[in-house]
Chemist: 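What follows is a structure written as C-alpha coordinates; I'll ask about it next.
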Amino acid sequence: MQDKFASIINEIGEDLERPGLKDTPKRAAEAFKFLTRGYQQSVDTVVNGALFPSDSNEMVIVQDIELYSLCEHHLLPFIGKCHVGYIPQGQVIGLSKIARIVDIFARRLQIQEQLTSQIANTIAEVTGAEGVGVIIEARHMCMMMRGVQKQNSAMKTSAMLGSFQTQQSTREEFLALLSTRL
(Lines give C-alpha, C1' and ligand atoms only; values in the text may rest on other atoms or scores of the structure.)
Protein backbone atom coordinates (compact mmCIF):
# COMPACT_ATOMS: atom_id res chain seq x y z
CA MET A 1 0.00 0.00 0.00
CA GLN A 2 2.92 2.31 0.75
CA ASP A 3 4.12 2.01 -2.87
CA LYS A 4 0.65 2.83 -4.15
CA PHE A 5 0.51 6.02 -2.07
CA ALA A 6 3.97 6.97 -3.36
CA SER A 7 2.69 6.47 -6.90
CA ILE A 8 -0.38 8.65 -6.25
CA ILE A 9 1.78 11.43 -4.80
CA ASN A 10 4.07 11.24 -7.84
CA GLU A 11 1.06 11.34 -10.18
CA ILE A 12 -0.13 14.68 -8.78
CA GLY A 13 3.29 16.15 -9.52
CA GLU A 14 4.79 16.22 -6.04
CA ASP A 15 8.37 15.42 -5.15
CA LEU A 16 8.64 12.50 -2.70
CA GLU A 17 12.15 13.67 -1.80
CA ARG A 18 10.78 16.90 -0.37
CA PRO A 19 11.33 16.81 3.44
CA GLY A 20 7.64 17.03 4.30
CA LEU A 21 6.77 14.11 2.00
CA LYS A 22 9.65 11.69 2.65
CA ASP A 23 7.66 9.43 5.00
CA THR A 24 4.17 10.34 3.78
CA PRO A 25 3.53 7.13 1.81
CA LYS A 26 4.28 5.07 4.93
CA ARG A 27 2.17 7.32 7.17
CA ALA A 28 -0.69 7.34 4.63
CA ALA A 29 -0.68 3.54 4.41
CA GLU A 30 -0.76 3.23 8.20
CA ALA A 31 -3.56 5.79 8.43
CA PHE A 32 -5.62 4.05 5.75
CA LYS A 33 -5.23 0.70 7.51
CA PHE A 34 -6.43 2.32 10.74
CA LEU A 35 -9.37 4.06 9.03
CA THR A 36 -10.49 0.74 7.52
CA ARG A 37 -9.72 -1.54 10.47
CA GLY A 38 -13.35 -2.66 10.59
CA TYR A 39 -12.52 -5.25 7.95
CA GLN A 40 -10.22 -7.00 10.45
CA GLN A 41 -12.79 -6.99 13.28
CA SER A 42 -15.63 -9.39 13.96
CA VAL A 43 -18.80 -8.74 15.91
CA ASP A 44 -18.31 -11.90 18.01
CA THR A 45 -14.82 -10.85 19.07
CA VAL A 46 -15.86 -7.29 19.88
CA VAL A 47 -19.02 -8.26 21.81
CA ASN A 48 -17.03 -10.97 23.59
CA GLY A 49 -20.10 -12.44 25.29
CA ALA A 50 -21.02 -9.15 27.01
CA LEU A 51 -24.73 -9.98 27.16
CA PHE A 52 -26.26 -9.87 30.61
CA PRO A 53 -29.56 -11.25 31.92
CA SER A 54 -32.05 -8.47 32.62
CA ASP A 55 -35.73 -8.12 33.46
CA SER A 56 -35.76 -4.77 31.68
CA ASN A 57 -38.19 -4.59 28.80
CA GLU A 58 -38.12 -0.82 28.40
CA MET A 59 -36.25 1.12 25.76
CA VAL A 60 -32.48 1.47 26.09
CA ILE A 61 -30.84 4.28 24.10
CA VAL A 62 -27.20 5.13 23.50
CA GLN A 63 -27.06 8.56 21.94
CA ASP A 64 -24.40 10.67 20.24
CA ILE A 65 -21.90 7.91 19.43
CA GLU A 66 -19.26 9.64 17.31
CA LEU A 67 -18.52 7.97 14.03
CA TYR A 68 -15.92 8.44 11.34
CA SER A 69 -16.18 6.63 8.05
CA LEU A 70 -14.98 6.81 4.46
CA CYS A 71 -17.34 7.25 1.54
CA GLU A 72 -16.94 4.27 -0.74
CA HIS A 73 -17.43 6.45 -3.81
CA HIS A 74 -14.68 9.02 -3.22
CA LEU A 75 -12.68 7.71 -0.24
CA LEU A 76 -13.44 10.96 1.58
CA PRO A 77 -14.57 11.07 5.20
CA PHE A 78 -18.04 11.42 6.56
CA ILE A 79 -18.32 12.34 10.19
CA GLY A 80 -21.30 12.27 12.48
CA LYS A 81 -23.25 10.76 15.32
CA CYS A 82 -25.14 7.53 15.69
CA HIS A 83 -28.10 7.00 18.02
CA VAL A 84 -29.08 3.42 18.87
CA GLY A 85 -32.18 2.28 20.74
CA TYR A 86 -33.43 -1.20 21.49
CA ILE A 87 -36.01 -2.97 23.62
CA PRO A 88 -34.39 -5.90 25.41
CA GLN A 89 -35.96 -9.33 25.75
CA GLY A 90 -34.28 -11.02 28.68
CA GLN A 91 -30.78 -9.65 28.13
CA VAL A 92 -28.92 -6.39 27.64
CA ILE A 93 -25.64 -5.78 25.87
CA GLY A 94 -22.68 -4.05 27.51
CA LEU A 95 -22.90 -0.33 26.86
CA SER A 96 -19.47 0.02 25.23
CA LYS A 97 -20.25 -2.86 22.89
CA ILE A 98 -22.86 -0.77 21.09
CA ALA A 99 -20.25 1.89 20.31
CA ARG A 100 -17.81 -0.81 19.23
CA ILE A 101 -20.38 -2.30 16.84
CA VAL A 102 -20.85 1.17 15.33
CA ASP A 103 -17.07 1.41 14.86
CA ILE A 104 -16.74 -2.02 13.21
CA PHE A 105 -19.03 -0.97 10.38
CA ALA A 106 -18.04 2.72 10.25
CA ARG A 107 -14.38 1.75 9.80
CA ARG A 108 -15.08 0.25 6.38
CA LEU A 109 -15.70 1.87 3.02
CA GLN A 110 -19.36 2.79 3.30
CA ILE A 111 -22.45 4.62 2.29
CA GLN A 112 -24.43 6.00 5.20
CA GLU A 113 -27.63 4.17 4.27
CA GLN A 114 -25.88 0.79 4.39
CA LEU A 115 -24.03 1.66 7.59
CA THR A 116 -27.31 2.46 9.35
CA SER A 117 -28.85 -0.86 8.33
CA GLN A 118 -25.77 -2.88 9.24
CA ILE A 119 -25.71 -1.45 12.75
CA ALA A 120 -29.45 -2.02 13.29
CA ASN A 121 -29.38 -5.58 11.96
CA THR A 122 -26.33 -6.47 14.06
CA ILE A 123 -27.78 -5.05 17.29
CA ALA A 124 -31.01 -6.99 16.62
CA GLU A 125 -29.14 -10.21 15.88
CA VAL A 126 -26.76 -9.98 18.84
CA THR A 127 -29.32 -8.94 21.47
CA GLY A 128 -32.46 -10.69 20.26
CA ALA A 129 -34.22 -7.39 20.97
CA GLU A 130 -37.95 -6.87 20.43
CA GLY A 131 -37.07 -3.87 18.32
CA VAL A 132 -34.13 -1.73 17.27
CA GLY A 133 -33.89 1.84 16.03
CA VAL A 134 -30.76 3.48 14.60
CA ILE A 135 -30.41 7.04 13.38
CA ILE A 136 -27.23 8.48 11.91
CA GLU A 137 -26.64 12.14 11.17
CA ALA A 138 -23.44 12.96 9.32
CA ARG A 139 -21.60 15.53 7.24
CA HIS A 140 -19.96 14.22 4.07
CA MET A 141 -16.69 15.69 2.86
CA CYS A 142 -17.47 14.48 -0.66
CA MET A 143 -20.31 17.00 -0.63
CA MET A 144 -18.39 19.72 1.16
CA MET A 145 -14.88 19.61 -0.34
CA ARG A 146 -15.63 18.72 -3.97
CA GLY A 147 -18.57 18.49 -6.35
CA VAL A 148 -21.47 20.61 -5.17
CA GLN A 149 -19.45 22.15 -2.26
CA LYS A 150 -22.36 22.62 0.15
CA GLN A 151 -20.87 23.37 3.57
CA ASN A 152 -23.99 23.23 5.71
CA SER A 153 -25.62 20.08 4.42
CA ALA A 154 -26.13 17.05 6.64
CA MET A 155 -27.59 13.65 5.93
CA LYS A 156 -29.86 11.74 8.30
CA THR A 157 -30.70 8.08 7.88
CA SER A 158 -32.73 5.68 9.98
CA ALA A 159 -33.31 1.97 10.26
CA MET A 160 -36.24 0.73 12.33
CA LEU A 161 -36.67 -2.98 13.03
CA GLY A 162 -39.25 -4.99 14.95
CA SER A 163 -41.48 -2.93 17.22
CA PHE A 164 -39.69 0.27 16.17
CA GLN A 165 -41.05 -0.36 12.69
CA THR A 166 -44.45 -1.85 13.48
CA GLN A 167 -45.54 0.23 16.47
CA GLN A 168 -45.89 3.96 15.93
CA SER A 169 -45.81 4.61 19.70
CA THR A 170 -42.42 2.89 20.03
CA ARG A 171 -41.00 4.89 17.15
CA GLU A 172 -42.39 8.13 18.63
CA GLU A 173 -40.92 7.33 22.07
CA PHE A 174 -37.50 6.74 20.50
CA LEU A 175 -37.60 10.02 18.60
CA ALA A 176 -38.89 11.94 21.64
CA LEU A 177 -36.16 10.54 23.89
CA LEU A 178 -33.51 11.49 21.35
CA SER A 179 -34.62 15.11 21.52
CA THR A 180 -34.25 15.10 25.32
CA ARG A 181 -30.81 16.20 26.47
CA LEU A 182 -29.12 15.86 29.88
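Predicted, not measured: the structure shown is a model, and the values here were computed from it.
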Chemist: Is Phe32 close to Leu70 at the side-chain level, that is, under 4.5 Å between some pair of heavy atoms?
Modeler: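 Answer yes - side chains close enough.
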
Chemist: In Å, rounded to the nearest 0.5 Å, how long is the span from CD of Gln118 to CD of Glu113?
Modeler: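 The CD atom of Glu113 is 11.5 Å from CD of Gln118, to the nearest 0.5 Å.
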
Chemist: Does a sphere of radius 6.0 Å around CD in Gln40 hold more than 12 heavy atoms from other residues, nucleotides or ligands, not counting ones at 6.0 Å or beyond?
Modeler: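 Result for CD/Gln40: enclosed.
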
Chemist: Could you give the distance from OG1 (Thr127) to CD1 (Ile101), rounded to the nearest 0.5 Å?
Modeler: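 Rounded to the nearest 0.5 Å, the OG1-CD1 separation comes to 8.5 Å.
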
Chemist: Could you tell me which non-hydrogen atom of Leu16 sits nearest to which non-hydrogen atom of Pro25, and how far apart they are?
Modeler: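 Heavy atoms of Leu16 and Pro25 come nearest at CD2-CG, 3.7 Å.
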
Chemist: Under a 3.5 Å distance rule, please check whether Glu137 uses its side chain to pair with a backbone N or O of Ala154 as donor and acceptor.
Modeler: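 Here the side-chain-to-backbone pair does not exist.
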
Chemist: Is there a side-chain contact between Leu175 and Phe164 in this structure, where contact means two heavy atoms from C-beta onward sitting under 4.5 Å apart?
Modeler: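 They are not in side-chain contact.
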
Chemist: Return the minimal non-hydrogen interatomic distance between Ile119 and Cys82, and the atom names on each side.
Modeler: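 What the structure gives for the nearest pair is CD1-SG, 4.1 Å.
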
Chemist: List the steps and the verdict of side-chain contact (heavy atoms from CB on, under 4.5 Å) for Gln112 and His140.
Modeler: CA-CA 9 Å; Gln112 185 174 326; His140 292 250; 2.7 Å; yes

Chemist: Are Ile87 and Ile93 grouped together when hydrophobic residues (ILVMFWY) are joined by side-chain heavy atoms under 4.5 angstrom apart?
Modeler: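 No; tracing contacts between hydrophobic side chains, which count when under 4.5 Å, never links both residues.
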
Chemist: If you draw the axis of the six-membered ring of Phe34, does the NZ or CZ of Arg37 fall within 45° of it and under 6.0 Å from the ring centre?
Modeler: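 Ring-cation test returns yes.
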
Chemist: I'd like to know whether CZ of Arg107 has more than 12 heavy-atom contacts from other residues, nucleotides or ligands below 6.0 angstrom.
Modeler: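 Yes, CZ of Arg107 has more than 12 neighbouring heavy atoms, counting only those of other groups under 6.0 Å.
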
Chemist: Out of curiosity, Lys22 NZ to Asp15 CG, how far, rounded to the nearest 0.5 Å?
Modeler: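 Output value for this atom pair is 8.5 Å.
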
Chemist: Verify the cluster assignment for Leu76 and Val148: are they in a single hydrophobic cluster under the rule of side-chain heavy atoms below 4.5 Å apart?
Modeler: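 No, because Leu76 and Val148 fall into different hydrophobic clusters, even though each may have its own neighbours under 4.5 Å.
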
Chemist: Counting neighbours of CD on Glu125 that are heavy atoms of other residues, nucleotides or ligands and sit closer than 6.0 Å, is the number greater than 12?
Modeler: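 Not buried by this count: 12 neighbours or fewer within 6.0 Å.
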
Chemist: Looking at every heavy atom in both Glu66 and Asp103, which two are closest together, and how far apart are they?
Modeler: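 Closest approach of Glu66 to Asp103, heavy atoms only: O-OD1, 4.3 Å.
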
Chemist: Contact between Ile135 and Met160 at the side-chain level, heavy atoms closer than 4.5 Å - yes or no?
Modeler: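 Yes, side chains in contact.
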
Chemist: Drop me the distance from Lys81's NZ to Ile136's CD1, to the nearest 0.5 angstrom.
Modeler: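 Answer rounded to 0.5 Å: 13.5 Å.
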
Chemist: Provide the closest heavy-atom pair for Gln63 versus Leu178 in the form atom of the first, atom of the second, distance.
Modeler: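 It is NE2-O, 2.9 Å.
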
Chemist: Can you find a heavy atom in the side chain of Thr170 that is under 4.5 Å from one in the side chain of Met59?
Modeler: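 The answer is yes; the side chains approach within 4.5 Å.
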
Chemist: Working to the nearest 0.5 angstrom, can you tell me the gap between Met143 CE and Phe78 CZ?
Modeler: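 Rounded to the nearest 0.5 Å, the CE-CZ separation comes out at 13.5 Å.
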
Chemist: Surrounding CE of Met1 (heavy atoms of other residues, nucleotides or ligands, distance under 6.0 Å), is the total greater than 12?
Modeler: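 Result for CE/Met1: enclosed.
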
Chemist: Using side-chain contact (heavy atoms from CB on, under 4.5 Å), reason through Val62 and Val102 one step at a time and then give a plain yes or no.
Modeler: CA-CA 11 Å; Val62 183; Val102 170; over 6 Å; no

Chemist: Enter the distance from His83:NE2 to Ser158:OG here, rounded to the nearest 0.5 Å.
Modeler: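 Result: 11.5 Å between the selected atoms.
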
Chemist: Identify the two heavy atoms, one from Ala120 and one from Ala159, that lie closest to each other, and give their separation to 0.1 Å.
Modeler: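 So the minimum-distance heavy-atom pair works out to CB-CB, 3.7 Å.
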
Chemist: Is there a side-chain contact between Leu109 and Tyr39, using heavy atoms and a 4.5 Å cut-off?
Modeler: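 Touching, per the 4.5 Å side-chain cut-off.
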
Chemist: Kindly indicate whether the side chain of Ile61, heavy atoms from C-beta on, has any atom under 4.5 Å from the side chain of Phe174.
Modeler: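 Yes, side chains in contact.
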
Chemist: Check for a donor-acceptor pair, side chain of Gln89 on one end and backbone N or O of Gly128 on the other, with a separation under 3.5 Å.
Modeler: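 At least one qualifying donor-acceptor pair exists.
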
Chemist: Give a yes or no on whether Leu95 and Val43 share a hydrophobic cluster (residues Ile, Leu, Val, Met, Phe, Trp, Tyr; joining criterion: side-chain heavy atoms under 4.5 Å apart).
Modeler: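 Yes, Leu95 connects to Val43 through the hydrophobic network.
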
Chemist: Does any N or O in the side chain of Ser179 come within less than 3.5 Å of the main-chain N or O of Ala176, such that one atom is a donor and the other an acceptor?
Modeler: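 The answer is yes, because a donor-acceptor pair under 3.5 Å joins these two groups.
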
Chemist: Same cluster or not: are Val60 and Val126 linked, directly or through other Ile, Leu, Val, Met, Phe, Trp or Tyr residues, by side-chain heavy atoms under 4.5 angstrom apart?
Modeler: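 Both belong to a single hydrophobic cluster.
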
Chemist: Taking the side chain as everything from C-beta on, heavy atoms only, tell me whether Cys71 gets closer than 4.5 Å to Cys142.
Modeler: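 When only atoms from C-beta onward are counted, Cys142 and Cys71 do touch, with a gap below 4.5 Å.
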
Chemist: When clusters are formed by joining ILVMFWY residues with side-chain heavy atoms under 4.5 Å apart, either directly or through shared neighbours, do Leu75 and Phe5 land in the same one?
Modeler: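 Yes, same cluster.
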
Chemist: Taking all non-hydrogen atoms of both residues into account, name the closest pair between Leu51 and Gln91 and its distance.
Modeler: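 The pair with the smallest heavy-atom distance is CB-OE1, 3.6 Å.
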
